[in-house]
Amino acid sequence: MLVDAPPRNGAAERPERGRLLVVEDEQKVADALREGLRSEGYDVTVEHTGEAAFFRINTETFELILLDLGLPGRDGLDILQAIREGGVVTPVLILTARDTVGDRVEGLNAGADDYLVKPFAFAELLARVQAVVRRGRPSDPRQLAVGDLAIEMATRHVTRDGAPVDLTAKEFDLLAYLARHAHRVVSRDTLVREVWRETSSSTTLNNIIDVHVSRLRRKVDREGLAKLIHTVRGVGFVVREEEP
Ligand code: CA
């Protein structure tokens, strides 16, 4: 399905460029995408069925999902609709052989960020991937802003609506992680791994996360201000401005 061969070297020298999920049932295409994107420095996970992809999307954090529409069982459009209804805002790039206008519109209406019609050149796929991942990243990681919440990474100074917010070290780390991934749902497992630096979750750790999130809410989402910290039931948390 690829019209050119992806490059196969250079992985070792390149910095980590983000976690990608490839959902593709054709083994050859999946392998080519994994190898090509890994050689470009991406951390690539592959799922071959819609069901497995749906579970993974709801339990882990990715910067981008490459989603084939023609999958056995639950197809790509079904998965896309379901994750969007569930509040997952991770960017989705659709890969499809169905190159009719109707299918493309349907995909974009269902919440895709971009699409690519098979067969495609790896170079074109890479350009789309880079564009979507870049769009999802804050331009200046030393400062993070979501609505009227501002986070200065170097001084660990946080303000909300111009007023300073006093946080403990862990509360700051948690808020900064959520804000860095603003508008994307961050799972509990991801917080365990990325903020608490533990390899596996536990009931105790889940309770600790809940305590930190509720303290953050009291300090950040003060009365009279728009709610920024949202719970996505059964999945995790997302920092975003309320829909207008
Ligand atoms: Ca397919």
Side-chain angles (χ1 to χ4, degrees), residues 1-11 16-136 184-185 187 189-190 232 234-235:
M1 273 299 195
L2 296 182
V3 297
D4 64 345
R8 289 184 171 273
N9 48 27
E16 189 59 61
R17 299 175 80 176
R19 287 194 85 202
L20 309 182
L21 176 64
V22 171
V23 189
E24 170 62 71
D25 60 315
E26 282 173 71
Q27 191 72 50
K28 271 189 180 167
V29 179
D31 289 348
L33 290 176
R34 171 164 46 207
E35 290 311 309
L37 291 166
R38 276 189 182 160
S39 75
E40 289 295 324
Y42 291 99
D43 175 358
V44 184
T45 301
V46 174
E47 289 293 355
H48 300 282
T49 69
E51 286 82 359
F54 184 69
F55 179 76
R56 203 178 269 283
I57 292 164
N58 281 311
T59 51
E60 294 179 32
T61 308
F62 297 94
E63 294 203 62
L64 172 65
I65 300 161
L66 286 85
L67 181 64
D68 178 30
L69 287 191
L71 295 168
R74 290 185 80 171
D75 75 12
L77 269 185
D78 182 25
I79 297 303
L80 180 57
Q81 273 158 356
I83 64 171
R84 289 295 186 245
E85 278 164 18
V88 174
V89 293
T90 308
V92 172
L93 173 59
I94 281 179
L95 309 176
T96 179
R98 306 173 193 171
D99 58 346
T100 65
V101 172
D103 285 328
R104 293 185 203 184
V105 170
E106 212 182 330
L108 294 172
N109 281 345
D113 295 80
D114 204 353
Y115 62 87
L116 209 49
V117 175
K118 295 178 185 176
F120 48 78
F122 182 77
E124 190 185 357
L125 172 89
L126 185 61
R128 301 283 185 93
V129 166
Q130 285 168 341
V132 175
V133 170
R134 213 169 24 237
R135 237 183 281 154
R184 282 171 280 176
V185 178
S187 72
D189 285 349
T190 300
V232 180
V235 184

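In listed order, ligands and their atoms are each counted from 1.
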- Item | Pair Asp68 + Lys118, salt bridge at N-O below 4.0 Å | yes
- Test side-chain contact (heavy atoms from CB on, under 4.5 Å) on Val23 and Leu66 and set out the steps. CA-CA 6 Å; Val23 189; Leu66 286 85; over 6 Å; no
- Task: Examine distances only and state if a side-chain atom of Arg38 and a backbone atom of Val44 form a donor-acceptor pair shorter than 3.5 Å.
- Result: yes
- Can a salt bridge be assigned to the pair Asp113 and Arg84 using a cut-off of 4.0 Å between side-chain N and carboxylate O? yes
- Within less than 3.0 Å of the Ca ion (ligand 1), how many protein N/O/S atoms are there? 3
- Item | Atom pair CG (Asn58) and CD1 (Ile83), whose distance is rounded to the nearest 0.5 Å | 7.5 Å
- Partner set under salt bridge (Lys or Arg N to Asp or Glu O under 4.0 Å) for Glu47, not counting sequence neighbours: Arg56
